[in-house]
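Reviewing the structure listed below.
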Amino acid sequence: MNNLYDQLIELLKQDERLWANKQLLKNQVVELGLKLDPDLLKLLLTHNSLKKHFFVDVDGVMIFDKDKFIRFVNNKAFLPDSYTSFKNKIGLTVNGHYLSENRDVVLAWPYKDCVLEGGQTKEDQKRNEFFWNETLAPDEIDRLLEPKALTGFKRYSAPVIASEAKQSPDGVEIASAVKLPHNNNPVTEIKDTDNLIIKGNNLLALHSLKKRLAGKVKLIYIDPPYNTGGDSFGYNDNFNHSTWLTFIRNRLAIARELLRKDGTIFVQCDDNEQAYLKVLMDGIWGENNYINTIAVNMKNIAGASGGGEDKRLKKNIEYIHVYAKDYSFRNSFRNVYNYVPIDKIVEDYRKNGVSWKYTTVLVHEGDKEYIGSTADGFGDEIKIYARPNSITKSIRQIMKDEGLSEGEVYNKYGNKIFQTAMPQSSIRPRVMKKVEELDRDEHFFSVEYVPKSGRNKGVVYEKFYKGNSFRLLAWLRDVSEIIDGKLSKKILQGTFWDFTGETKNLSKEGNVELLSGKKPEKLLQRIIKMATDENELVLDFFLGSGTTAAVAHKMGRQYIGIEQLDYGDNDSIVRLQNVIGRKEQKQGEMFDKIKFDQSGISKDVDWQGGGSFVYCELMQWNERFIQQIQIAQDEAALQTIWAEMQEKGFLSYRLDIAKFDENAEDFTALSLEDQKCFLLEVLDKNQLYVNLSEMDDETYGVSEKDKRLNKLFYEL
């Protein structure tokens with residue numbers, strides 16, 4: 001028997017899924033065995049002894065004895081130092097406490113292999129969530145996740161103010177504004193570069209996008225419901241633990257297929273689920289593709305209400321888990337900075353007795369006189385210039401000469417302020433040697449060359465040297481930027497980000513409001529800037545009020561947003577119309593001005609409006625009955641809905657309509673809320689939306705225009 005154990009171990013080593021860190025993953029072996037994994041079974045069938053032991057020949061068909069295999073693997077004689085536990089509850093496992101010996105962390109919960117469509121309304125809290133594996137056959141689950149037909153296509157474009165020339169009484173031409181069509185235009189084509197907003201269930205929308213977007217998205221950012229027990233965000237934010245994990249897992253799994261090889265995902269959450277989410281993402285994305293967890297300070301708790309002691313500390317931190325699609329393909333992130341005005345930094349330095357070095361201004365660079373060349377370590381040319389007649393002044397001298405404050409001098413001369421340094425570079429001694437050979441006695445020199453590395457790699461770069469010792473001029477401009485009209489020093493950031501300042505006027509950003517859950521535009525600006533380039537594709541499938549799309553639009557990125565809920569005047573569609581620009585009405589129906597969003601990051605990027613996006617919806621079927629039921633005000637309205645459901649809707653096979661009719665009086669005796677719950681329950685949730693493959697069925701009434709646009713969208 002021991003020999004059989006050894007044979008099984010050696011065989012299983014051939015499956016790379018089961019072997020890591022020179023150890024066999026016993027928990028993975030058990031899990032695949034329980035699932036009747038085809039590759040595992042094929043592997044076992046290649047070994048005669050193991051085939052005889054774990055398979056039974058029934059009329060020429062080999063039947064796998066799953067129970068015998070699991071008992072064998074769980075026997076202490078098989079990898080005795082390893083421990084595997086599977087229970088019908090959420091749990092983390094370690095050694096004897098549910099973790100495999102190689103320190104892999106796994107989540108075990110009863111529904112982790114289920115598909116959860118995930119209701120996101122308050123009504124859903126009154127019924128059980130639908131775990132499709134328990135109620136549908138596998139082929140029905142496949143049908144649930146098939147691409148859906150889209151409808152309601154609209155293109156929103158930036159308006160244009162046109163004018164027509166008219167003559168005044170004195171013969172002078174004047175321009176008067178003319179009325180233009182509203183920027184809600186019909187869609188005639190779908191372009192690969194279009195920005196998209198899709199309304200509908202995000203799990204089904206993601207699966208619908210797979211054919212069009214697989215491997216094309218550079219960045220995914222999501223801010224899903226936090227499972228806090230509150231519902232002010234509009235989502236069903238009161239999932240039980242198992243349900244929430246299943247809900248998130250289903251969406252992350254398909255989202256991963258949409259990312260490019262060099263793409264990244266940022267998932268924001270709070271401390272309710274962040275630890276479990278991290279482990280869950282390790283399993284889906286691979287722990288080798290984990291990049292960072294960022295702690296974000298979102299709330300200033302000074303002076304928090306209550307004033308007294310509490311059983312828990314006040315919450316002010318949220319978390320962002322960052323993963324690569326494939327770490328070996330990812331590019332480095334751009335550095336992340338905070339910005340502090342230079343005059344404030346100088347003042348703080350003085351208070352703390354620290355010397356501030358950037359105190360000299362190169363008022364005039366001098367004449368530029370080529371005097372010769374030397375070569376760098378690669379043999380490439382370094383051109384050397386003398387700089388006679390150069391002029392430098394101290395900050396204080398300019399303050400006195402021009403009557404400026406210190407801050408005003410920094411703002412005016414920021415790109416000319418420097419300190420000197422002794423660089424550890426091979427270029428400086430080469431230049432010094434060449435200047436000595438040329439016997440030039442100058443106070444200032446400059447060189448031009450093409451760096452082989454660093455931020456100036458591949459372009460002609462200029463350096464200045466001062467004095468006989470050739471001290472390098474280190475520019476303040478290299479460590480600062482103009483922010484909000486002030487020269488500000490760049491402070492390199494790590495994995496703690498402070499955005500408390502950006503949350504003070506958050507409710508007004510984009511001219512839309514959200515009671516909770518809204519994120520600052522500058523937070524999304526930082527993420528998008530560090531992880532993408534212009535025109536690359538950004539995806540947010542918990543779009544909410546549209547922050548991600550608004551910021552991506554202003555930053556010149558392509559974007560796709562998915563949202564199920566309708567926030568009315570605070571919807572992402574409203575916000576994006578504010579971003580691209582609206583015609584401002586004056587004097588009746590005459591328009592003479594375009595107004596565009598100036599909140600959030602607009603000043604940072606000098607936003608002037610413009611661009612477009614396409615809106616569409618998953619074509620509803622049973623979903624429309626759900627919405628009608630939820631807003632029904634009385635029993636009469638429900639009876640009307642029920643009649644239409646019987647005529648046009650798809651009802652659950654579990655419902656016996658004849659028996660329902662026999663007991664109609666019992667139904668009418670129920671409260672209005674209980675009647676709603678019953679009608680919601682009897683709808684077939686596998687028919688919420690119209691499948692693309694069925695859009696030609698006359699039952700659904702898909703228009704010819706929508707059929708054509710769907711074919712363009714899905715490239716059929």
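These numbers come from a predicted model, not from an experiment.
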Trace of the side chain to side chain contact (heavy atoms under 4.5 Å, CB included) decision for F333 with T264: CA-CA 10 Å; F333 288 142; T264 48; 3.9 Å; yes
Say whether, by atom type as modelled, one donor and one acceptor occur between the side chain of N316 and the main chain of N297 under 3.5 angstrom. no
Nearest 0.5 Å, please: how far is CE in M422 from CG in L472? 10.0 Å
Test side chain to side chain contact (heavy atoms under 4.5 Å, CB included) on H321 and I291 and set out the steps. CA-CA 8 Å; H321 293 316; I291 298 175; over 6 Å; no
Testing the 3.5 Å rule here: is there a donor-acceptor pair between the side chains of S446 and R387? yes
Does N578 reach the main-chain N or O of G510 with its side chain, forming a donor-acceptor pair under 3.5 Å? yes
The salt bridge (Lys or Arg N to Asp or Glu O under 4.0 Å) partner of E347 among K351, R350, K344 is K351
Give a yes or no answer on whether the side chain of E408 reaches the backbone of S405 with a donor-acceptor pair at less than 3.5 Å. yes
Do S488 and I482 have side chains that get closer than 4.5 Å, going by heavy atoms? no
Quick one: side chains of residues 548-560, donor-acceptor pairs under 3.5 Å with protein atoms, not counting sequence neighbours, listed by atom name and distance.
from	atom 1	to	atom 2	distance (Å)
T548	OG1	D540	OD2	2.7
H553	ND1	Y559	OH	2.8
H553	NE2	G610	O	2.8
K554	NZ	E521	OE1	3.0
K554	NZ	E521	OE2	3.4
K554	NZ	D597	OD2	2.7
K554	NZ	S599	O	3.2
K554	NZ	S602	OG	2.9
R557	NE	T532	OG1	2.9
R557	NE	D533	O	3.3
R557	NH1	M555	O	2.8
R557	NH2	T532	O	2.9
Q558	NE2	D192	O	2.8
Q558	NE2	D194	O	2.9

Please find out if less than 6.0 Å separates the ring center of Y358 from that of F418. no
May I have all residue pairs that pass salt bridge (charged side-chain N to carboxylate O under 4.0 Å, His left out) and include part of residues 369-381, sequence neighbours excluded? E369-R440, D376-K452, D380-K452
Please check if the side chain of D270 supplies one atom and the backbone of I317 the other of a donor-acceptor pair under 3.5 Å. no
To the nearest 0.5 angstrom, please state how far the CD atom of E563 sits from the CD1 atom of I573. 10.0 Å
One should read off an interatomic distance between K383 NZ and K434 NZ, to the nearest 0.5 angstrom, of 14.5 Å
Under 3.5 Å, is there a donor-acceptor pair between the side chain of Q598 and the main chain of W607? yes
Stepwise, does the ring pair (Phe, Tyr, Trp, His ring centres under 6.0 Å) test hold for F266 with Y221? CA-CA 5 Å; F266 289 65; Y221 168 86; 7.4 Å; no
With a 4.0 Å cut-off, would you call D223 and K519 a salt bridge? yes
With rounding to the nearest 0.5 angstrom, report the NZ to CD distance, K463 to E448. 13.0 Å
Please determine whether a side-chain nitrogen of the Lys or Arg among K216 and E536 lies less than 4.0 Å from a carboxylate oxygen of the Asp or Glu. no
Do L219 and I527 pass the side chain to side chain contact (heavy atoms under 4.5 Å, CB included) test, and can you show the C-alpha distance, the side-chain angles, and the key distance before you say yes or no? CA-CA 9 Å; L219 167 67; I527 291 170; 4.1 Å; yes
Does K412 come within less than 4.0 Å of E402, counting only side-chain N to carboxylate O? yes
Nearest-0.5 Å distance, CD1 of residue I417 to NZ of residue K393: 13.5 Å
So do the side chains of M298 and K315 get within less than 4.5 Å of each other, counting heavy atoms only? no
Can you tell whether the side chains of E273 and R249 come within less than 4.0 Å, N to carboxylate O? no
For the CG atom of L487 and the CG atom of L476, what is their distance to the nearest 0.5 Å? 5.0 Å
Verify whether one side chain among K486 and Y339 offers a donor that lies under 3.5 Å from an acceptor in the other. no
Take T359 and R396 through the test side chain to side chain donor-acceptor pair (under 3.5 Å) and record every step on the way to the result. CA-CA 8 Å; T359 57; R396 291 191 175 278; over 6 Å; no
Pair Q608-D606, side chain to side chain donor-acceptor pair (under 3.5 Å): steps then yes or no: CA-CA 6 Å; Q608 300 297 317; D606 190 26; 3.0 Å; yes
Looking at the rings of Y465 and F445, which for Trp means the six-membered one, are their centres under 6.0 Å apart? no
With side chain to side chain contact (heavy atoms under 4.5 Å, CB included) as the test, would you mind laying out the steps for L206 and L539 before giving the verdict? CA-CA 10 Å; L206 287 169; L539 170 64; 4.1 Å; yes
Apply side chain to side chain donor-acceptor pair (under 3.5 Å) to residues Y385 and E365 and explain how you reach the verdict. CA-CA 11 Å; Y385 300 88; E365 295 179 352; over 6 Å; no
